[in-house]
Peer 1: 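Following this message is one structure expressed as structure tokens.
The chains referred to below are lettered A, B, ... by the order of the sequence lines, with proteins before strands, and numbering in each begins at 1.
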Amino acid sequence: MTQLQLIRDPDCALCKLCATADKICQMGFGNPRANVMVVSKMSNSDAWQTELESQLSDVGVDLDDVYWSQAIKCRTFDQDASNADIKACRTYLDQEIEQVKPKFILALGNEALLATTGRSGITKYRGRIHDRPDGIKVIPTISPSAVKRSPGQLPGYYADLRLFVNQVLGRKSGIRKPRYAIIDDREKLDILKRTLPRVKDFCFDIETVDDYYQKTGKIVSLSATCVLDDGKLFVFALPLYHPESPWRKRWKAVLEYLKPELEALERVTAHNGSYDVKWMRWHGIRMRFTFDTMLALHLLNENIQKGLKPACQARLGVEPWGIDTKYLLDKPLLAILEYNVLDTWYMYHLKLQVVEELAAQPMLVKVFKFVMMDGVNDLVDSEMRGIYIDVERLIERTPIAQAKLEEIEADVLEKAGLQKDGRLLTPDQPDGVEDWPVAKVLKTRGPVYSTPNLNASNFAKWMLFDHCGLPIISRGKDKPDGSPGDPSMAEDVMLELRSSHPVVQPMLDRVEWQKMLSAFLLPYAELYDEDHRIHTNFKMAGTVTGRLSSGKNDEDKISVGKGKVRGVNLQQVPRNPFIRGLFGAPPGWSFVECDYSQIELRIAAFLSRDPTMLQLYRMGADIHKSTAATVLGIPESQVSKDDRKKAKAVNFGFVYGMGWKKFIETAFTKYQAVFTEEEAKAVREAYFRQFDGLLPWHGRQRNLVNKYGRVQSPLGRIRHLPDIYSPDKEVRAEAERQAINSPVQSFGSDLAVMSMVEINKRFRKLGLAGHCVGLVHDAVNYEIRNDCLREALPIIQDTMEDMSRLERRFGVHVDIPILADIKVGTRWGDARELTREEVHDWAA
DNA sequence: GCAGACTGCGCG
DNA sequence: AAAGCGCGCAGTCTGC
């Protein structure tokens with residue numbers, strides 16, 4: 001003990017915390033020879049310590065064998081510890097570890113994770129075993145205080161604690177490992193082929209190298225845990241492309257051999273099956289899958305980690321398993337097969353659990369089936385098909401944008417009074433002048449540009465705020481060391497400075513062109529395939545509300561730039577026809593976009609029961625126009641197009657709880673509309689007088705989330721909002737606003753997905769040549785062969801607007817009209833909106 | 001050279 | 001009294 005206390009430095013000033021700490025540099029306590037060290041963020045209060053001890057005791061930790069320590073040795077609640085503070089403090093913890101020599105460390109919270117492993121990101125690393133260079137095993141989990149704030153985290157937290165104690169006691173997991181058949185000769189392959197028709201549930205997983213659409217893409221193995229018609233389990237591993245595999249040269253033929261049986265499977269289960277199914281379809285096996293454990297987990301709790309491994313560890317208490325899948329072909333085949341099998345084995349057990357939980361909530365089962373599973377299977381088609389891009393236009397427009405950008409940048413430098421060819425700012429920059437140039441550039445380790453970097457870089461900030469002398473209106477976040485953040489170059493700031501200096505306007509202009517090039521034109525040029533199509537990756541579990549997210553695969557995010565990697569976000573294609581008009585339909589086909597008209601506002605009317613909104617929608621009135629008239633205090637007939645646009649900001653903002661302050665801000669940045677404080681307050685008041693059902697609805701949602709910690713969409717989708725239990729009232733208020741928005745957004749998005757599924761179904765039934773190429777929250781995009789337009793257009797619009805399926809499936813009666821607008825053209829950006837008559841009489 | 005934090009901006 | 005919501009990605013800078 002004395003030895004340990006010697007580590008302490010009561011005069012420590014390595015970080016800023018000592019300024020407010022009630023006791024500086026406090027060491028840990030407990031058994032100085034313990035096998036187990038528990039590291040918290042700071043020293044715990046007595047109450048916390050008692051609770052923590054009882055939790056650990058619950059799962060079987062011997063409290064006499066524990067040394068209790070902290071990442072931060074100074075205890076203070078007046079300021080937050082930054083990563084730098086934690087790192088500074090590590091010296092004491094390291095010495096403690098050195099002296100105590102524990103075999104296992106339980107790290108509670110991100111601070112403790114950082115202090116014991118040097119890694120940051122507790123949600124990523126929790127529940128995994130980290131081997132320190134000194135041989136000590138660290139198991140991180142979330143902090144007990146996070147669990148207090150979010151009681152939904154409790155099961156996962158306890159699972160991590162159990163994993164920890166199992167490691168300490170050398171215990172194995174609850175689920176025994178399976179025996180499985182390795183299909184490595186013709187006879188076994190035939191047995192498999194004969195067995196597949198008896199399979200009632202096929203829980204499968206594949207191991208792969210590279211991407212499915214590349215020539216180098218191979219399926220290394222396929223495994224499944226199968227439930228047979230007699231209820232027995234059959235587990236197999238089929239080696240495919242691997243140096244040690246008997247099928248290494250015939251792996252595609254093997255798949256082809258099993259194709260009829262695989263395609264006939266009744267129930268197919270996978271974890272993130274979109275991935276596996278894409279591979280199978282690419283290799284000619286037209287599989288649909290019926291149960292995705294990842295999507296089920298997401299539906300049950302949108303806030304938790306959805307990976308197979310963390311989920312199984314948390315729910316089944318199994319030990320971490322797995323191999324490094326990076327250079328799969330160099331790994332021993334048997335290890336791969338074992339890993340592959342375990343994935344399916346645990347997936348099967350996971351499914352047993354989640355099926356039970358879903359079954360207890362019949363509404364969720366329907367969302368799962370009709371929105372998620374139906375949706376994800378159709379989205380796989382859309383992703384694989386891709387969206388057609390007009391390569392000629394792309395090639396033509398890219399240099400236009402580049403030239404425009406160069407021109408603007410030259411203008412910027414000229415207006416700033418700088419030379420255009422580099423960092424030299426004034427002629428004959430003498431050495432030692434305290435200016436931007438060489439000295440400062442060389443001090444930073446970033447790239448040294450031959451031309452100035454006018455993005456929000458140090459150079460640009462120097463140019464605007466030092467060289468041109470613009471006032472600093474707002475700054476970014478404070479630096480970790482407490483110094484003030486960098487001056488902001490955000491759009492609203494620039495807009496405000498526009499009149500102060502001629503350099504500002506071209507700076508504003510260049511942002512738009514820079515973004516177009518770097519975020520759209522250049523990536524598109526890299527990503528289109530030989531059929532001139534661009535592919536995205538839709539995630540059904542990518543958002544907390546049930547919306548889809550779109551973009552690259554997670555794995556691909558790292559390797560982007562190292563070659564052609566698929567995946568572009570098709571939900572953020574600029575509305576500007578210069579970009580949006582690049583997408584469209586191939587020759588002979590048309591691009592059709594059908595989007596719900598003001599869907600979220602209609603849903604807000606439906607849910608809030610606001611009489612005025614309901615009335616307006618039932619009359620077919622233009623609610624944005626009406627709002628414009630109300631807030632501007634003018635008759636509707638005098639509302640201009642611009643006024644209507646402003647009213648959109650009003651509607652969408654106020655419906656979800658925006659205050660007058662934020663309203664002034666968004667009205668200015670988004671619509672260049674200037675409101676004074678009084679005007680903004682008056683507008684807000686007028687708005688809620690006009691729609692006097694909205695605030696009571698907000699109140700109802702607030703009550704619900706306060707009472708239950710969650711809210712539900714009309715279809716039963718649940719949004720868990722544990723932040724409502726936060727001691728911080730701003731955090732609670734945020735949860736309340738989310739409680740208002742969530743059911744609306746959720747319902748709207750489920751409507752769009754179900755419409756897509758139904759449209760696809762009807763197209764298939766009628767044999768129409770029309771394919772969904774994307775879904776943008778409240779809009780579906782289709783490519784339709786021209787000769788099918790006549791039949792297809794009314795189907796699309798009618799299906800979108802038809803709410804009778806909802807009534808039949810969910811018993812939800814939508815009592816206001818839901819309308820969808822339809823646009824047809826050869827290109828997305830150029831498409832023309834059709835009247836109802838035109839939709840139903842396209843031939844003309 | 002990589003990873004993470006942060007800003008800023010594209011979409012609904 | 002005050003409070004929009006939901007995403008993904010490019011780019012910069014910093015720490016290691």
Peer 1: Looking at A/Gln738, I'd like to know whether one of its side-chain N or O atoms comes within less than 4.0 Å of OP1 or OP2 on C/dG6.
Peer 2: yes
Peer 1: What does A/Val568 touch in the nucleic acid at a heavy-atom separation under 4.0 angstrom: a base, only the sugar-phosphate, or nothing?
Peer 2: nothing
Peer 1: With a non-hydrogen cut-off below 4.0 angstrom, is A/Val655 in contact with a base, only sugar-phosphate, or nothing?
Peer 2: nothing
Peer 1: State whether the distance check finds a donor on one side and an acceptor on the other, under 3.5 Å, for side chain A/Arg737 versus base C/dG4.
Peer 2: no
Peer 1: Need one value for A/Ser742: base, sugar-phosphate or nothing, where a base atom within 4.0 Å counts as base even if backbone is also close, heavy atoms only.
Peer 2: nothing
Peer 1: Would you please confirm or rule out a distance under 4.0 Å between OP1 or OP2 of C/dG8 and any side-chain N or O of A/Ser549?
Peer 2: yes
Peer 1: Checking the side chain of A/Asp595 only, and the main-chain atoms of A/Ala779 only, is there a donor and an acceptor separated by less than 3.5 Å?
Peer 2: no
Peer 1: Looking at A/Asn741, does any N or O in its side chain come under 4.0 Å of the phosphate oxygens OP1/OP2 on C/dG6?
Peer 2: no
Peer 1: Have A/Arg700 and A/Ser608 got a donor and an acceptor in their side chains that come within less than 3.5 Å?
Peer 2: no
Peer 1: Hey, which sits more toward the 5' end of DNA chain C by its nearest nucleotide, A/Trp660 or A/Arg719?
Peer 2: A/Trp660
Peer 1: Looking for any heavy atom pair under 4.0 Å, which part of the strands does A/Ser749 touch: base, sugar-phosphate only, or nothing?
Peer 2: nothing
Peer 1: Look at all strands and tell whether A/Met516 reaches a base, only sugar-phosphate, or nothing, counting heavy atoms closer than 4.0 Å.
Peer 2: nothing
Peer 1: Quick one: label A/Phe654 by what it contacts on the DNA or RNA (base, sugar-phosphate, nothing), any heavy atom closer than 4.0 Å.
Peer 2: nothing
Peer 1: Using a 4.0 Å heavy-atom cut-off across all strands, classify A/Glu734 as base, sugar-phosphate, or nothing.
Peer 2: sugar-phosphate
Peer 1: Give me the ring orientation class for A/Phe688 and A/Phe654: parallel if the planes are under 30° apart, tilted from 30 to 60°, perpendicular past 60°.
Peer 2: tilted
Peer 1: Keeping A/Arg498 on the side-chain end and A/Gln505 on the backbone end, is there a donor-acceptor pair under 3.5 Å?
Peer 2: no
Peer 1: So A/Val744, base contact, sugar-phosphate only, or nothing? Heavy-atom distance under 4.0 Å.
Peer 2: nothing
Peer 1: How close or far is atom C1' of B/dG8 from atom CG of A/Asp509, stated in whole angstroms?
Peer 2: 17 Å
Peer 1: Identify whether any heavy atom of A/Ala733 sits under 4.0 Å from a base atom; if not, whether one sits that close to sugar-phosphate; answer base, sugar-phosphate or nothing.
Peer 2: nothing
Peer 1: Report yes if at least one side-chain N or O of A/Lys552 is closer than 4.0 Å to OP1 or OP2 of C/dA10; otherwise report no.
Peer 2: yes
Peer 1: Quick one: side-chain hydrogen bond (donor to acceptor under 3.5 Å, both in side chains) pairs with a partner in residues 709-718 of chain A, sequence neighbours left out?
Peer 2: A/Arg717-A/Asp750
Peer 1: With heavy atoms under 4.0 Å as the rule, sort A/Arg732 into base, sugar-phosphate or nothing.
Peer 2: nothing
Peer 1: Looking only at non-hydrogen atoms, find the nearest pair between A/Met800 and A/Val780 and report the distance.
Peer 2: SD-CG2, 3.9 Å
Peer 1: Specify the angle, to 10°, made by the local axes at the two ends of the helix from B/dG1-C/dC16 to B/dG12-C/dC5 when five pairs are taken at each end.
Peer 2: 10°
Peer 1: Considering all heavy atoms of both residues, which atom of A/Arg580 and which atom of A/Val573 are nearest to each other, and what is their separation?
Peer 2: NH2-O, 2.8 Å
Peer 1: Please determine whether a side-chain nitrogen or oxygen atom of A/Arg547 lies at a distance below 4.0 Å from atom OP1 or OP2 of C/dC5.
Peer 2: no
Peer 1: Looking at A/Arg737, is its backbone amide N or carbonyl O close enough to the side chain of A/His698 to form a donor-acceptor pair, meaning the two atoms are under 3.5 Å apart?
Peer 2: no
Peer 1: So what does A/Lys662 touch, heavy atoms closer than 4.0 Å: a base, only the sugar-phosphate, or nothing?
Peer 2: sugar-phosphate
Peer 1: Could you please name the option among C/dC5, B/dG10, C/dG8 that lies closest to any side-chain atom of A/Phe520?
Peer 2: B/dG10
